[in-house]
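Single-structure report; data block below.
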2 protein chains.
Amino acid sequence: MTRYTAPLKDMQFLLHDVLSVGSSDIPGYADLDEAFTGAVLEEAGKLAHDVLEPLNGPGDRSGCVLENGVVRTPAGFKAAFDQLRAGGWTALDCDPDYGGQGLPYLMGTAVGEILVSANMALNMYQGLTHGAYSAIHTHGTPDQKAMYLPKMVTCAWTGTMNLTEPHCGTDLGLMRTRAEPQADGSYKITGTKIFISAGEHDMADNIIHLVLAKAPGGGEGTKGISLFIVPKFLVHADGSLGARNAVAVGKIETKMGIHANATCVMNFDGATGWLLGDLHKGMRAMFTMMNEARLGVGLQGYAVAEAAYQNALSYARDRLQGRDVTGAKNPSGPADPLIVHPDIRRNLMDQKSFVEGARALTFWAASMIDRTHRLGDGDADGLVSLMIPVIKGFQTDKGFEMAVQAQQIWGGHGYIEDNGVSQFVRDARIAQIYEGANGVQALDLVGRKLAQDGGKHVMAFFDMVKAEIKSHDGAARMAPFTEPLKGASKQLQAAVMYFMNTGLKNPNAALAGSYDFMHLMGHVCLGLMWTRMASAAYQALDQGRGDAVFLQSKIATGHYYMSRQLPACAMHLARIESGSEPVMALAAEAF
Amino acid sequence: MTRYTAPLKDMQFLLHDVLSVGSSDIPGYADLDEAFTGAVLEEAGKLAHDVLEPLNGPGDRSGCVLENGVVRTPAGFKAAFDQLRAGGWTALDCDPDYGGQGLPYLMGTAVGEILVSANMALNMYQGLTHGAYSAIHTHGTPDQKAMYLPKMVTCAWTGTMNLTEPHCGTDLGLMRTRAEPQADGSYKITGTKIFISAGEHDMADNIIHLVLAKAPGGGEGTKGISLFIVPKFLVHADGSLGARNAVAVGKIETKMGIHANATCVMNFDGATGWLLGDLHKGMRAMFTMMNEARLGVGLQGYAVAEAAYQNALSYARDRLQGRDVTGAKNPSGPADPLIVHPDIRRNLMDQKSFVEGARALTFWAASMIDRTHRLGDGDADGLVSLMIPVIKGFQTDKGFEMAVQAQQIWGGHGYIEDNGVSQFVRDARIAQIYEGANGVQALDLVGRKLAQDGGKHVMAFFDMVKAEIKSHDGAARMAPFTEPLKGASKQLQAAVMYFMNTGLKNPNAALAGSYDFMHLMGHVCLGLMWTRMASAAYQALDQGRGDAVFLQSKIATGHYYMSRQLPACAMHLARIESGSEPVMALAAEAF
């Protein structure tokens with residue numbers, strides 16, 4: 001059986017020592033004192049440990065079942081979801097005007113990690129609702145907001161996002177779902193959507209579908225697309241539920257993982273919908289929430305890896321196998337625990353140094369989103385928009401890889417489904433695919449974000465790295481961080497230069513290197529975060545604050561990342577600089 | 001639905017252009033003319049395409065079922081296994097004295113790849129039988145051989161290997177299964193074994209279990225272990241079946257993959273067994289077959305990746321999504337096929353260049369095993385023993401990674417079980433774990449094999465690489481191969497030097513770098529193979545032999561490997577040279 005304990009100490013360290021929320025100029029941050037954040041995170045940890053995690057394995061094994069148009073979620077899910085609602089966990093960073101608690105997005109992110117680590121499939125019902133809430137909150141009319149938001153804040157009603165169709169995923173311009181305007185201002189929506197997470201289930205009174213469809217007069221491709229609100233049950237003006245709408249689940253998919261989340265084919269047969277935002281501006285409306293949605297998936301990448309790591313660590317401590325080559329560590333036992341072996345250490349340190357680095361990057365990005373929303377800071381928005389594809393693509397790739405490594409520590413027992421660690425691998429896999437497959441993230445990064453606003457944001461990124469390095473000038477103890485970071489950052493700059501010099505003549509040269517660039521930048525980001533964390537840990541040690549063993553481990557884990565992971569940067573640069581020729585040499589028929 | 005076509009052209013190229021079997025001094029190789037090997041491989045390909053592959057997905061979905069002590073394999077498996085038997089495929093490289101066809105191991109390997117690609121789970125029933133056959137063939141008495149081998153050559157009876165127990169996998173010294181000698185020379189075997197592939201099933205009249213157990217008087221640890229033959233049904237002197245033995249399946253495991261292969265808990269309750277080989281020399285007897293068994297698993301790594309690649313390629317050609325940035329390639333269609341996009345190319349070329357390189361390495365190693373067995377060549381044995389952990393560990397790691405990349409090309413559709421590509425990922429995963437987890441392979445490589453016979457074999461390996469490079473001196477067209485190979489080989493030598501210089505003082509320094517060393521050496525091996533393949537392709541082109549498009553693609557694919565994959569070597573060296581300190585810094589309690 002698997003176990004999970006929320007990493008409260010690490011989260012508190014990030015919030016207070018690294019991000020220094022107490023002294024931040026972001027409105028609302030000053031209220032986040034240590035006692036408050038500690039209490040919130042501890043409560044979330046209890047819910048995760050006592051309620052959500054125990055349902056994770058059983059939910060995977062039973063999955064969702066579709067019978068007569070009704071989707072049954074696994075036993076216990078509805079009761080657990082009720083506890084999430086009752087505790088106010090779904091409303092944490094929502095607008096107080098609609099019943100939210102108004103906490104910073106950063107706090108929602110920290111709590112979100114805990115909920116995802118404990119039970120990714122269950123938390124998706126909430127996560128998607130939050131995405132739909134944000135879309136309506138940003139683009140809805142006052143009436144729409146009043147009608148839907150209070151119910152969605154509490155997850156009394158859940159939400160979905162309907163983009164994909166059988167023949168189009170990434171390329172939404174090929175969309176066939178149609179919206180026909182009606183005399184009363186509503187639309188009739190007709191078409192089939194697939195891969196709709198939480199499209200139908202038994203945990204909420206209503207489901208608010210946000211649906212992309214083509215309305216007449218919008219032209220070809222993505223330009224003709226609009227966004228519509230299509231509730232499962234129509235809602236009367238007084239908020240009570242009316243007739244069932246003409247939208248129904250056609251089937252639920254049998255998937256490699258996230259079995260407890262219902263992935264639905266949704267059929268819209270002239271369903272009644274209302275325009276959300278401007279006509280023919282649906283893509284823009286949908287993608288307003290893209291940064292948050294993709295950050296949420298990047299979070300899933302490391303949150304599942306954290307859960308997998310905890311279970312790999314406990315196995316490595318308990319399982320007796322072989323002897324330490326430098327001398328028995330458990331001489332009275334039949335063998336030493338796995339954790340004495342250097343290659344098991346290597347594996348565990350890979351996981352630990354990734355997860356902690358990714359957590360720091362994700363929390364930092366969440367604070368940039370708060371800065372954007374609460375201070376209207378366009379520079380913060382530009383910087384975080386640049387980094388979102390890195391956070392989504394790099395963190396989900398590495399998160400999956402680390403879940404696989406965690407499973408490896410379990411040996412053959414990790415391959416047996418009853419033991420639960422294979423679920424982390426199967427669940428983590430989806431995060432590399434949905435919300436824009438990671439190849440599309442790389443394309444977004446290199447094809448759009450690098451050059452955005454004249455390259456202003458990537459320059460800001462390099463300035464941030466340089467400023468960090470400079471701030472430690474002359475501090476010998478920081479050299480094991482700043483030197484590798486400097487080297488990696490130069491390699492990243494060389495890659496940018498390579499794209500600039502070749503890209504105009506040969507766009508394929510940049511695109512052929514896009515995936516490596518995403519990973520190279522991911523390592524620089526985590527190198528930056530480890531530099532900040534090490535500096536904060538040294539500072540706390542200097543001042544005699546905090547848990548010295550924790551702080552020393554933090555520094556040692558950072559050393560590991562810098563010396564063992566940053567060498568990947570040179571490899572990625574070499575691959576980028578080999579250009580498009582090796583990649584594009586074969587004719588399509590010659591494969 | 002998935003599809004599979006045997007890569008006959010590539011196999012023929014390896015056998016005849018690269019390995020030049022026709023002019024080899026290995027007995028039996030001269031008979032392998034192009035027409036003969038072509039006919040054998042084509043027939044195997046037909047069986048794979050028509051019979052085995054169509055059962056692969058259904059077998060995964062239905063799995064094996066245990067009812068009242070009987071294991072039912074998936075529908076169609078028995079009939080397909082009968083076809084394997086009837087066609088003589090199980091007897092290909094077996095001893096003619098016992099009904100085998102006496103072909104070289106190399107041919108068994110080539111055919112084996114085809115069978116594994118088509119249906120890994122089904123082929124395991126045969127593969128394990130072959131392992132047990134080899135153990136009895138090598139260590140059995142004349143009577144034992146006469147009694148068991150003819151039935152095992154045809155797979156009328158199948159075989160198993162019983163090593164693992166609940167509390168011991170890698171560390172077999174902890175074994176608890178006991179063997180009590182009886183007056184008639186037999187033993188009573190008592191204990192529980194787990195993870196026994198094909199431990200019980202409905203496809204054969206008898207199952208011959210080879211069981212490791214401790215007999216009295218052998219001392220502690222692995223020294224007391226002996227190997228026993230424990231048939232499911234006792235066999236009369238005339239070969240007819242007698243009473244049911246006291247061995248029974250306790251449960252079958254629910255696993256992440258290879259669902260169609262029954263993984264059993266086997267209970268031995270005073271089962272009758274006969275000693276195989278010498279008393280208390282069971283470990284040695286079991287591991288005589290280790291090179292072949294591990295080569296077989298290394299083969300699974302790339303064979304499953306080959307199947308995954310074929311299905312990724314067909315999807316990339318068929319699925320229309322987005323436009324080529326350099327201009328539409330399918331202007332009359334709604335979008336271009338995925339294969340126009342550089343990042344899709346990068347992904348496909350990763351797969352193609354790995355699979356073809358690994359196939360070359362595996363075939364080469366199989367020829368070294370033939371050289372060992374048919375010429376008694378100790379140097380060949382030493383060299384292949386050195387490389388077996390690389391082939392097993394590197395190829396199964398990369399094979400899994402490539403199956404994941406193949407799945408990625410399918411996007412969300414790759415996560416849906418009905419489409420079949422996720423099965424490749426789930427099946428490939430086990431190859432990293434069983435037959436010695438990959439961390440154990442790295443330990444075997446660095447902790448044992450490097451220093452074996454005074455380092456003679458690793459020196460022979462470097463000499464082989466140097467000789468290959470030297471043979472292309474002055475050939476400008478070969479420089480894109482020999483230059484990177486030279487660099488990578490130097491990095492590998494530097495790693496060996498690092499281990500030599502630090503290992504005596506600090507054994508952890510070598511062990512902390514063992515996993516990276518295994519991967520570094522894997523890249524050098526594939527770089528060597530690509531150099532040989534490119535040279536053979538150029539030669540064939542010069543002489544106007546063969547299919548020019550195929551040969552040009554071969555060279556271009558090699559270019560890709562050298563420029564895009566070999567840069568990993570410097571990363572692995574840097575990680576190795578960072579030493580044990582970052583790996584071992586944390587106290588076990590500080591994780």
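Convention: sequence-line order gives letters A, B, ...; per-chain numbering from 1.
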By a 4.5 Å heavy-atom criterion (distance strictly below it), what part of [X] contacts chain A: side chain, backbone, both, or neither?
X	answer
Asn506(B)	neither
His572(B)	neither
Tyr515(B)	both
Leu313(B)	side chain
Arg319(B)	side chain
Ala568(B)	both
Val404(B)	both
Lys255(B)	both

Contact part of [X] toward chain B, heavy-atom cut-off under 4.5 Å: side chain, backbone, both or neither?
X	answer
Leu511(A)	both
Ile344(A)	neither
Pro166(A)	backbone
Ile430(A)	both
Leu586(A)	both
Ala590(A)	both
Tyr309(A)	side chain
Gln565(A)	side chain
Thr170(A)	both
Asn438(A)	both
Ala437(A)	both
Thr254(A)	both

With a 4.5 Å cut-off on heavy-atom pairs, point out which of [options] contacts chain B the most.
options	result
Met562(A), Gln552(A), Arg426(A), Gln408(A)	Gln408(A)
Gly439(A), Ala585(A), Ala574(A), Ser563(A)	Ser563(A)
Tyr560(A), Phe591(A), Tyr434(A)	Phe591(A)
Ala556(A), Ala587(A), Gly579(A)	Gly579(A)
Cys569(A), Ser553(A), Gly447(A)	Ser553(A)

Between [options], which residue shows the highest count of heavy-atom pairs closer than 4.5 Å to chain A?
options	result
Lys329(B), Arg346(B), Glu577(B)	Arg346(B)
Arg323(B), Glu589(B), His167(B), Glu581(B)	His167(B)
Met349(B), Gln321(B), Met571(B)	Gln321(B)
Met584(B), Lys352(B), Gln407(B), His341(B)	Gln407(B)
Ala335(B), Gly257(B), Ala570(B)	Gly257(B)
Gln423(B), Glu401(B), His559(B), Gln432(B)	Gln432(B)

Interatomic distance, CG@Leu566(A) vs CZ@Arg575(B), rounded to 0.5 Å, equals 11.0 Å

- Query: Quick one: CG on Asp171(B) to CG on Leu320(A), what's the gap to the nearest 0.5 Å?
  - Reply: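 Taking CG in Asp171(B) and CG in Leu320(A), the distance rounds to 9.0 Å.
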
So His413(A) and Ile194(B), do their side chains get closer than 4.5 Å, heavy atoms only?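 Side-chain contact under 4.5 Å: yes.
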
Tell me the closest heavy-atom pair linking [X] and [Y], and the distance in Å.
X	Y	value
Ser422(B)	Met256(A)	CB-SD, 4.0 Å
Leu174(B)	Pro334(A)	CD2-O, 3.4 Å
Ile433(B)	Gly412(A)	CG2-N, 3.3 Å
Thr326(A)	Pro507(B)	CG2-CG, 4.1 Å
Pro342(A)	Val583(B)	O-CG1, 3.5 Å

Review point. Centre of Tyr415(B)'s six-membered ring, under 6.0 Å away, within 45 degrees of the axis: is that where NZ or CZ of Arg429(A) sits?
Key: no

Report task. Under the side-chain contact (heavy atoms from CB on, under 4.5 Å) rule, what do Glu417(B) and Glu253(A) come out as? Steps first, then yes or no, please. Result -> CA-CA 8 Å; Glu417(B) 293 288 5; Glu253(A) 306 285 0; over 6 Å; no

Inset, instruction - Return yes if some donor-acceptor pair links the side-chain N/O of Arg317(B) with the main-chain N/O of Ala588(A) below 3.5 Å, else return no. - result: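 Yes, because the side chain of Arg317(B) sits within donor-acceptor range (under 3.5 Å) of the backbone of Ala588(A).
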
- Query: Under 3.5 Å, side chain of Arg345(A) to main-chain N/O of Ala512(B), donor-acceptor pair present?
  - Reply: no

By ring-ring contact (aromatic ring centres under 6.0 Å, His included) - contacts of Phe400(B) (at least two apart):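 In terms of ring-ring contact (aromatic ring centres under 6.0 Å, His included), with neighbours along the sequence ignored, Phe400(B) is linked to no residue.
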
Practice task
Please test Asn508(A) against Val325(B) for side-chain contact (heavy atoms from CB on, under 4.5 Å), starting from the C-alpha separation and ending with a verdict.
Solution key: CA-CA 8 Å; Asn508(A) 281 345; Val325(B) 285; 3.6 Å; yes

Chi angles and distances behind the salt bridge (charged side-chain N to carboxylate O under 4.0 Å, His left out) call for Arg564(B), Asp516(A):
CA-CA 10 Å; Arg564(B) 288 258 168 176; Asp516(A) 281 284; 3.6 Å; yes

Inset, instruction - Decide salt bridge (charged side-chain N to carboxylate O under 4.0 Å, His left out) for Lys251(B) and Asp418(A); before the verdict, give the C-alpha distance in whole Å, the side-chain angles of both, and the deciding distance to 0.1 Å. - result: CA-CA 13 Å; Lys251(B) 80 181 258 210; Asp418(A) 300 344; 3.7 Å; yes

